[in-house]
Structure formats: structure tokens, C-alpha cells
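Only heavy atoms go into these numbers, but all of them, side chains included; no hydrogens, no water, no symmetry mates. Keep in mind it's a predicted model, so treat the numbers as computed, not measured.
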Amino acid sequence: LLEREGFVKRLPSGEVEVVGLGLDEIEEVYAIRACMEGLTTRYAALRATPEEIARLREILADMRRAVRRGKRAELDADGAEFHGLIHRASHLTFALQQLATMRDHIDRYRAQTIALPGRQDAVIEEHAEVVKWLEQRDGDRAEDAMRKHIWNAWLTISGTSGSGHDTEN
């Protein structure tokens, strides 16, 4: 399974070596994630219950507290819960299966990204923007906000200041 998912490779000697992704592969993970999470957010805008949206607001408040207290691990866990709740609120079966397949790759880089200077405050604001559009049931803007959030994480981790990717789809 690890070999199939690209985490290890078998050497001619039969030994197994841990594989790191190159920058192009990491970019691809973020591009796929932006599309898939944008899609789930679009559907969540239409399908989330008022209770789910209220829970997203609570998670956002928890994230703000974690940042103020310097608790990066809590912020990371809250962020994972935030995204997971949006995924579940979408009620999309196949998109969630695809995201689950990529989960280890996503988690590998999400934790690194949130540790970078300035990213924690940006995450809070980007998540607040997503919630705003979910509350307004605007699937187009909610999707766009999520895609921008994911792409901003890529730009942060890659050290890139601009994007050649269209997030307005």
C-alpha cells in the first residue's frame, strides 16, 4: 500500500526506501486538493445543515484561540476537523473517496505549511471567508474561497508569490 501510494519504493536489492515527493508532485497534490475540496465546499454550501454551519463557526473560534495561545498542534487538528466537516456536509461519495486516497499526502504537507510564518493568521481569515459563503449558501463563492485557501497554502510552502492557476472556475 505504501509503495502504491508513493511513500516508499522497492530497490533492486529488495530493500524499501522512503520516497519524498518532488516540488512538481507536491504542487500536483495541492492542485488536485484545491479542485476536490472546492467541489465539496460548493456542495456543502447547498447541503450543510444549520447545525453543521454553526459547528464550523465553533471550530473557527477554537482555531483563533489556538493561534493566540501558540498551540500549533491544536490549530492543525481544528483545521483537519474544519475540512472534514465540510467534506461530510457535501454528501459527495466519490469525491470523499478520492480525498481519502490522498489524505496521507495532504496531511504530510498541511502540517508543514501551518508552521510557516504568517500562515496561521491567513488560515483563520481564509476559513472565515469559506464559512461566510457557506452561510450565504453561495456555492460559487464558497468553492472559490476554498480553492484560494488551498492554493495559498501551496504558494506559502513553495515560496511562490504568484499563481499561474485559475481559481475562479
Side-chain angles (χ1 to χ4, degrees), residues 1-45 63 66-67 72-90 92-131 133-134 139-169:
L1 178 61
L2 291 172
E3 188 173 12
R4 186 177 55 211
E5 291 183 3
F7 288 101
V8 299
K9 70 177 178 180
R10 190 165 307 279
L11 301 173
S13 66
E15 293 178 322
V16 176
E17 178 179 85
V18 175
V19 176
L21 296 180
L23 206 53
D24 289 341
E25 290 88 3
I26 298 169
E27 179 179 10
E28 186 176 348
V29 168
Y30 276 91
I32 293 168
R33 181 180 176 207
C35 290
M36 298 302 293
E37 291 210 37
L39 179 68
T40 62
T41 305
R42 169 183 289 278
Y43 276 81
M63 293 175 79
V67 168
R72 193 173 70 214
E74 288 178 22
L75 177 62
D76 188 44
D78 291 338
E81 183 181 357
F82 182 91
H83 286 263
L85 179 53
I86 290 172
H87 299 166
R88 290 187 304 280
S90 75
L92 294 174
T93 303
F94 297 115
L96 298 184
Q97 288 172 353
Q98 295 306 309
L99 282 166
T101 299
M102 295 184 59
R103 177 64 37 218
D104 290 333
H105 288 300
I106 290 169
D107 288 346
R108 181 192 291 190
Y109 298 103
R110 189 186 73 236
Q112 291 177 19
T113 305
I114 207 155
L116 295 172
R119 188 67 194 137
Q120 293 177 12
D121 291 330
V123 164
I124 300 296
E125 295 313 310
E126 291 163 7
H127 281 185
E129 185 76 5
V130 169
V131 172
W133 299 119
L134 289 172
D140 290 338
R141 288 187 170 136
E143 177 178 9
D144 186 51
M146 181 59 80
R147 289 172 57 117
K148 285 179 180 176
H149 164 60
I150 302 298
W151 202 248
N152 285 340
W154 160 248
L155 294 175
T156 300
I157 202 168
S158 69
T160 309
S161 60
S163 169
H165 295 272
D166 178 14
T167 59
E168 301 295 326
N169 294 335

Say you draw a straight line from [atom1] of [X] to [atom2] of [Y]; how long is it, rounded to the nearest 0.5 Å?
X: Leu155; Y: Lys148; atom1: CG; atom2: NZ; value: 12.0 Å
X: His83; Y: Glu37; atom1: NE2; atom2: CD; value: 5.5 Å
X: His149; Y: Thr41; atom1: NE2; atom2: OG1; value: 9.0 Å
X: Arg119; Y: Thr156; atom1: CZ; atom2: OG1; value: 4.5 Å
X: Gln120; Y: Leu75; atom1: CD; atom2: CG; value: 5.5 Å
X: Tyr30; Y: Met102; atom1: OH; atom2: CE; value: 10.0 Å

Minimum side-chain heavy-atom gap [X]-[Y] below 4.5 Å:
X: Arg72; Y: Asp76; value: no
X: Arg103; Y: Leu99; value: yes
X: Leu96; Y: Met36; value: no
X: Ile86; Y: Leu134; value: yes
X: Glu129; Y: Met146; value: no
X: Ile114; Y: Arg110; value: no

Inset, instruction - Salt-bridge test for Arg141 and Asp144: reply yes if a basic N is under 4.0 Å from a carboxylate O, no otherwise. - result: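 Salt bridge absent between Arg141 and Asp144.
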
Inset, instruction - Output yes when Glu81 and Arg88 qualify as a salt bridge under the 4.0 Å nitrogen-oxygen rule, no when they do not. - result: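 No.
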
Legend entry - Derivation and outcome, side chain to side chain contact (heavy atoms under 4.5 Å, CB included), residues Ile150 and Glu126: CA-CA 9 Å; Ile150 302 298; Glu126 291 163 7; over 6 Å; no

What's the shortest heavy-atom distance between [X] and [Y], and which atoms?
X: Ala145; Y: Trp133; result: CB-CD1, 4.1 Å
X: Tyr109; Y: Ile157; result: O-CD1, 3.9 Å
X: Leu92; Y: Ala95; result: CB-CB, 4.0 Å
X: Thr113; Y: Ala153; result: CG2-O, 3.6 Å
X: Glu143; Y: Gly38; result: CG-O, 3.2 Å

Legend entry - Atom CD of Glu15 with >12 non-hydrogen neighbours under 6.0 angstrom: no

Inset, instruction - Go through the structure and list residues passing ring-ring contact (aromatic ring centres under 6.0 Å, His included) with Phe82, not counting sequence neighbours. - result: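 Expected list: His127.
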
Inset, instruction - Kindly indicate, with the supporting measurements, whether the criterion side chain to side chain contact (heavy atoms under 4.5 Å, CB included) is fulfilled by Ser158 and Ile26. - result: CA-CA 9 Å; Ser158 69; Ile26 298 169; over 6 Å; no

